[in-house]
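Because the structure is a prediction, the values reported are computed rather than measured.
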Amino acid sequence: MAGDRVKFGLTLPNRGVVIGATTVAEMLQLAADAESSGWDSVWVGDSIFAKPRLDAMVLMGAIAARTTRVRIGPGKPEPGGGAFEKEFAHFGIEPSSRMRRMEEAIEILRLTSSREDVDYDGQYWRFRNLTVLPRPIQQPIPIWVTANPDLNKRRNVEQSYRRVARLGDGWMTTFKSPEDVQTSLAMIRGYSREMGHELKPDFEVAIYHNINVNEDRDGAFAESKRFLDSYYSVDYRQDMLRLWVAAGSPTQCVESLQRYVDAGATTILLRVTGYDQKRQFKRVTEEILPAFG
């Protein structure tokens with residue numbers, strides 16, 4: 001796997017400007033603070049208009065202008081909420097085609113980011129002699145494939161995890177227990193072997209997660225519920241929150257995150273689920289991250 005030390009990414013709540021949880025200036029400052037305080041990456045959520053937010057590409061450009069070391073990426077693990085049916089309808093896209101469209105997009109990104117005058121013949125996109133310049137600094141560009149199948153639905157699991165094994169430099173997931181992460185990773189490895197190759201040594205396992213540091217653990221979950229319910233327009237059950245949020249004292253949060261590390265996570269992405277973003281970021285940076293070396 002990708003080294004011995006788990007890496008941490010800060011997920012900025014770019015939908016927070018819609019619900020009053022943060023500001024543009026605060027998010028950009030948090031990105032700069034992450035750069036100077038040892039975080040490995042900064043992430044932003046993405047959607048077109050199913051879940052209104054600051055545009056991901058524009059925000060990542062602004063972050064790139066203020067940082068030099070941290071990796072920057074968009075993440076879309078789709079944890080719930082959002083008018084996705086309307087989004088597909090407005091674009092004239094059949095929802096059932098989205099997985100194949102994503103597969104083609106990955107293939108096209110790999111081609112156009114590494115070569116010039118490329119050809120592509122897909123079901124949805126076709127072109128000849130296409131060159132996209134300038135090319136990314138990272139070569140090859142790392143693409144982590146998101147997959148969150150219900151492990152009780154065998155067909156969905158196989159399709160999703162075969163896609164990860166075939167196309168991914170890494171796997172991003174959310175709303176999975178550490179035990180489910182470990183089971184899923186074993187399946188992805190198995191599918192990779194069936195295809196005739198092992199996962200690369202630097203294959204990433206990224207957990208898209210949330211955190212609220214508060215010695216009053218019930219209070220941490222209560223604030224997280226207010227935040228996430230508003231963020232996604234969903235009424236999250238307590239069992240869902242306890243699966244998706246590292247909450248409580250620093251010791252409790254570290255123990256919660258360590259279970260994912262033990263299950264095979266190489267990167268953990270943390271979004272602060274609180275309304276004092278600056279204070280929570282400081283606590284996570286100073287009281288949580290040092291426990292992981």
Check whether any side-chain N or O of [X] sits under 3.5 Å from a backbone N or O of [Y] as a donor-acceptor pair, and report yes or no.
X	Y	result
Asp216	Gly219	yes
Ser230	Ile19	no
Gln123	Arg100	no
Ser160	Val157	no
Lys225	Tyr236	yes
Ser192	His197	yes
Arg193	Glu198	no
Gln138	Arg71	no
Arg271	Leu269	no
Glu215	Gly248	no

Lys/Arg-Asp/Glu bridge criterion (N-O < 4.0 Å) met for [X], [Y]:
X	Y	answer
Arg126	Asp119	no
Lys200	Asp202	no
Asp150	Lys176	no
Arg166	Glu103	yes
Arg98	Glu87	no

Side-chain donor-acceptor pair present, [X], [Y], cut-off under 3.5 Å:
X	Y	result
Asn148	Thr173	yes
Glu35	Thr68	yes
Glu107	Tyr120	yes

Nearest 0.5 Å, what's the [atom1]-[atom2] distance between [X] and [Y]?
X	Y	atom1	atom2	answer
Arg283	Lys278	CZ	NZ	16.0 Å
Ile72	Arg66	CD1	CZ	11.0 Å
Thr273	Asn212	OG1	CG	4.5 Å
Asp276	Asn214	CG	CG	11.5 Å
Ile108	Tyr124	CD1	OH	12.5 Å
Leu199	Glu204	CG	CD	12.0 Å

Only one of Leu12, Val44, Ile63 forms a side-chain contact (heavy atoms from CB on, under 4.5 Å) with Met27, so which one is it? Leu12
Looking at [X], I'd like to know if its [atom1] atom is crowded, meaning that more than 12 non-hydrogen atoms belonging to other residues, nucleotides or ligands lie closer than 6.0 Å.
X	atom1	value
Met99	CE	yes
Arg154	CZ	no
Glu85	CD	no
Arg279	CZ	no
Ile137	CD1	no

Criterion side-chain contact (heavy atoms from CB on, under 4.5 Å) on Ile211 and Cys253, from CA distance to verdict: CA-CA 8 Å; Ile211 192 165; Cys253 290; 4.2 Å; yes
Under the criterion salt bridge (charged side-chain N to carboxylate O under 4.0 Å, His left out), I'd like the reasoning laid out for Arg15 against Asp46: C-alpha separation, chi angles, the key distance, then a yes or no. CA-CA 9 Å; Arg15 184 163 161 72; Asp46 191 18; over 6 Å; no
In short, ring-ring contact (aromatic ring centres under 6.0 Å, His included) pairs touching residues 144-165 with sequence neighbours left out are Trp43-Trp144, Tyr161-Trp171
State, to 0.1 Å, how close Leu257 and Ala246 come at their nearest heavy-atom pair, and which atoms those are. CD2-CB, 4.0 Å
Measure across Asn14 and Tyr231 and return the closest heavy-atom pair with its distance rounded to 0.1 Å. N-OH, 3.4 Å
Could you go through Asp33 and Lys282, starting from their C-alpha distance and side-chain angles, then the distance that decides it, and tell me whether this counts as salt bridge (charged side-chain N to carboxylate O under 4.0 Å, His left out)? CA-CA 9 Å; Asp33 291 343; Lys282 187 174 187 295; over 6 Å; no
So Trp39 and Phe281, would you call those rings parallel, tilted or perpendicular, with 30° and 60° as cut-offs? parallel
Full working for salt bridge (charged side-chain N to carboxylate O under 4.0 Å, His left out) between Asp40 and Arg5: CA-CA 11 Å; Asp40 299 282; Arg5 184 186 72 84; 2.6 Å; yes
